[in-house]
Number of protein chains: 2
Amino acid sequence: MVNRIALFHGLPRGQIEEIVTTMADQTFDRGQTVLSEGETAEGFFVLVQGKVKIFKLSPEGKEQILHIVGEGESFGEVPMFAGGQFPATAETIEKSRIFFFPRAAFLDLIRKDPSVAMNMLAELSHRLRQLTRLVEELSLKEVPGRLAAYVLYLSEENNSAAEVELDITKGQLASLLGTIPETLSRILGKMSSQGIINVKGRKLKILDRNVLEELAVGGKFVI
Amino acid sequence: MVNRIALFHGLPRGQIEEIVTTMADQTFDRGQTVLSEGETAEGFFVLVQGKVKIFKLSPEGKEQILHIVGEGESFGEVPMFAGGQFPATAETIEKSRIFFFPRAAFLDLIRKDPSVAMNMLAELSHRLRQLTRLVEELSLKEVPGRLAAYVLYLSEENNSAAEVELDITKGQLASLLGTIPETLSRILGKMSSQGIINVKGRKLKILDRNVLEELAVGGKFVI
DNA sequence: CGGGTACTTGACAATGGTCAAGTGTGGTGG
DNA sequence: CCACCACACTTGACCATTGTCAAGTACCCG
């Protein structure tokens, strides 16, 4: 199980066995909070099975999803290295199995084995790139452009297939795109009626990839 | 000089001398591009003196500043650990002196000395926290709220002084707040006319901190 | 089959961007 | 030392995008 975690790739068996003795193995139902923004951290988490959303809430209750954690990915490491509290909240959106690694043992491991440090540096760098892209999308593109980029991304992930399936609800997608379900629904409707995509529940079919690509780089969306 | 770089704190003298032999020392005039989004990376940079903005450009030319690099800070590390290209562009906004550290020698150093890895993990974590906050601001607050948060941040940096001075132009501040100079100008004007702040060139005086704090957490701005 | 959640649709309001035309203001060269 | 020029900033009129509120429909799970 631990072997499948990217963070521990290349680690000798002995050290894996050592770190396993310190970790905790927890199961969460869907909709449970794993960690809350502002909490002090005693370690970090790895999602083994299920799905977790990392998000921020505004005082008025609007939610911005920063990231959907996939299986094998870690989260909640920021305070371990930078001190302080968690910068966002993590909540399961499916029944999930999560490993918790306490701070001290993991820091020891890093000092002993540089490959863990390198893996962690790669992971954090990857996360920085994703967040950079999120800022770009939110600030420089309108909602249709963000949606187009997301649909194309889903397609790439799937060998550029024309048919893709959302693995989150449309409401969650709206929150990930920095908008609300109503707006997303309207835009999906418009794209449908213009023959750009075909929407059937969570299944999307790309009908005109060129228009999507045009939108995704910042082009305007004419009604 | 190298001693003052946070990344190398705690490093024995011998290793500092070693890394110094591999680095390049460059000077840039104001307005020069240090690295461009999409370029392949051969190393990373440390700003020794001056000021650098890290930003994204939309196809229409709108700019979103992600970060203003301060003296002693590094930038451009993401591709070193995650592979690929620079996710954003870096340009000097003042005459600057910049050290460049080639990839290979630095990776060697990390493998030899875990404290450098720890410093770098702290740096990247810190950056993740900042970007998380930027996403939050852009997505969950309106411009007056972002401005209020920025002014309060400047004040904190300065022992909560009531008088603060912008160290960037208002145009750059607009880009950092995810808006345009016109909008920023109008909001500064409104805040002024309501006695919340006093604006004189780049000098701002906080007159009503409570209102600013209210705005910064997401409160509404009544005209 | 029922209940709740997810989603859709409509009318409306408002934030903030665009375009255009100024008004300073600091730095440089004559 | 002053005039000029470029650039930073301001202000006004307008409008597009998107959020709010409200109501209704579809759909999945138990």
Side-chain angles (χ1 to χ4, degrees), chain A residues 29-31 53 58-65 93-95 137-148 165-193 197 199-204 215 218-223, chain B residues 29-31 53 58-65 93-95 137-148 165-193 197 199-204 215 218-223:
Chain A
D29 283 335
R30 172 196 144 130
K53 66 174 175 184
S58 78
E60 294 89 42
K62 195 191 164 191
E63 168 191 293
Q64 171 67 50
I65 294 183
I93 56 177
E94 281 179 10
K95 192 170 193 292
E137 304 265 311
L138 289 174
S139 171
L140 303 178
K141 291 182 194 166
E142 293 162 4
V143 184
R146 296 177 218 160
L147 174 60
E165 183 161 3
L166 300 177
D167 60 347
I168 50 179
T169 70
K170 286 181 188 167
Q172 284 158 0
L173 176 56
S175 167
L176 188 59
L177 298 179
T179 185
I180 55 175
E182 290 96 317
T183 299
L184 179 60
S185 183
R186 284 183 238 273
I187 292 170
L188 281 171
K190 275 183 202 162
M191 287 184 170
S192 250
S193 70
I197 55 174
V199 186
K200 182 127 196 171
R202 286 202 189 177
K203 287 194 188 353
L204 304 183
L215 279 171
K220 291 288 173 189
F221 190 49
V222 186
I223 303 173
Chain B
D29 282 335
R30 173 195 143 130
K53 66 174 175 184
S58 78
E60 293 89 44
K62 196 192 163 190
E63 169 191 292
Q64 172 67 49
I65 295 183
I93 56 177
E94 282 180 9
K95 193 169 192 292
E137 303 266 312
L138 290 175
S139 171
L140 303 177
K141 290 182 194 167
E142 291 162 6
V143 184
R146 297 176 219 160
L147 173 59
E165 183 160 3
L166 299 178
D167 60 348
I168 50 179
T169 71
K170 286 180 189 168
Q172 285 158 0
L173 176 56
S175 168
L176 189 58
L177 298 179
T179 185
I180 56 175
E182 290 96 317
T183 299
L184 178 62
S185 184
R186 283 182 238 273
I187 292 170
L188 281 171
K190 276 184 201 163
M191 286 184 171
S192 250
S193 70
I197 56 176
V199 185
K200 184 128 193 168
R202 285 201 189 178
K203 287 195 191 346
L204 304 184
L215 279 171
K220 291 289 171 189
F221 190 50
V222 187
I223 304 172

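Everything numeric in this text was worked out from a predicted model, so none of it was measured. Lettering of chains follows the sequences in order, A, B, ..., and the numbering in each one begins at 1.
- For the pair B:Glu137 CD and C:dT15 C1', the computed distance is 17 Å after rounding to whole Å.
- The separation between B:Glu63 atom CD and D:dA8 atom P is 11 Å, rounded to whole Å.
- If one axis is set at each end of the helix from C:dC1-D:dG30 to C:dG30-D:dC1 from five pairs, those axes are 50° apart, to 10°.
- Rounded to whole angstrom, the span from the NZ atom of B:Lys190 across to the P atom of D:dT11 amounts to 12 Å.
- One interatomic measurement links the two molecules: CG of B:Leu184 to C1' of C:dT15, which rounds to 15 Å at whole-angstrom precision.
- Residues A:Ile168 and A:Lys53 are not in side-chain contact: their nearest non-hydrogen atoms beyond the backbone lie 4.5 Å or more apart.
- Under the side-chain contact (heavy atoms from CB on, under 4.5 Å) criterion, B:Ser58 pairs with A:Leu140, B:Glu60, B:Lys62, not counting sequence neighbours.
- Atom pair B:Leu138:CG and D:dG19:C1' shows a separation of 17 Å (rounding to whole Å applied).
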Inset, instruction - Apply the test side chain to side chain contact (heavy atoms under 4.5 Å, CB included) to residues A:Arg146 and A:Leu138: give CA-CA distance (whole Å), side-chain angles for both, the deciding distance (0.1 Å), then the verdict. - result: CA-CA 8 Å; A:Arg146 296 177 218 160; A:Leu138 289 174; 3.8 Å; yes

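- In terms of phosphate contacts, B:Thr183 brings no side-chain nitrogen or oxygen within less than 4.0 Å of OP1 or OP2 of C:dT15.
- The distance from atom CG of B:Leu188 to atom P of D:dT11 is 10 Å, rounded to the nearest whole Å.
- For A:Lys62, counting side-chain heavy atoms from C-beta on, the closest listed nucleotide (C:dT9, C:dG16, D:dG19) is D:dG19.
- Each of B:Arg30 and A:Ile180 has a nearest nucleotide on DNA chain D; the 5'-most of these lies closest to B:Arg30.
- Contacts with DNA chain C (heavy atom under 4.0 Å) in residues 170-179 of chain A: A:Lys170, A:Gly171, listed by number.
- A straight line from CZ of B:Arg146 to P of C:dG16 spans 6 Å, rounded to a whole angstrom.
- Heavy-atom contacts from other residues, nucleotides or ligands closer than 6.0 Å to CZ of A:Arg30 number 12 or fewer.
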Between the protein and nucleotides 21-30 of chain D, are there any N/O to N/O pairs under 3.5 Å, and if so, what are the atom names and distances?
{"residue": "D:dC21", "atom": "N4", "partner": "A:Glu182", "partner atom": "OE2", "Å": "3.2"}

Hey, can you pull the donor-acceptor pairs under 3.5 Å for the side chains in residues 172-188 of chain B, sequence neighbours left out?
{"residue": "B:Gln172", "atom": "OE1", "partner": "B:Thr169", "partner atom": "N", "Å": "3.2"}
{"residue": "B:Ser175", "atom": "OG", "partner": "B:Glu63", "partner atom": "O", "Å": "3.0"}
{"residue": "B:Ser175", "atom": "OG", "partner": "B:Glu63", "partner atom": "OE2", "Å": "3.1"}
{"residue": "B:Ser175", "atom": "OG", "partner": "B:Ile65", "partner atom": "N", "Å": "3.1"}

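- Protein atom CD1 of A:Ile187 is 16 Å distant from nucleotide atom C1' of C:dG10, rounded to whole Å.
- For the OP1/OP2 pair of D:dC9 and a distance below 4.0 Å, the side-chain nitrogens and oxygens of B:Thr169 include at least one atom meeting the criterion.
- With sequence neighbours excluded, the residues satisfying salt bridge (charged side-chain N to carboxylate O under 4.0 Å, His left out) with B:Lys203 are B:Glu165.
- Residue pairs meeting the salt bridge (charged side-chain N to carboxylate O under 4.0 Å, His left out) criterion with at least one member in residues 167-176 of chain B, sequence neighbours excluded, are B:Lys51-B:Asp167.
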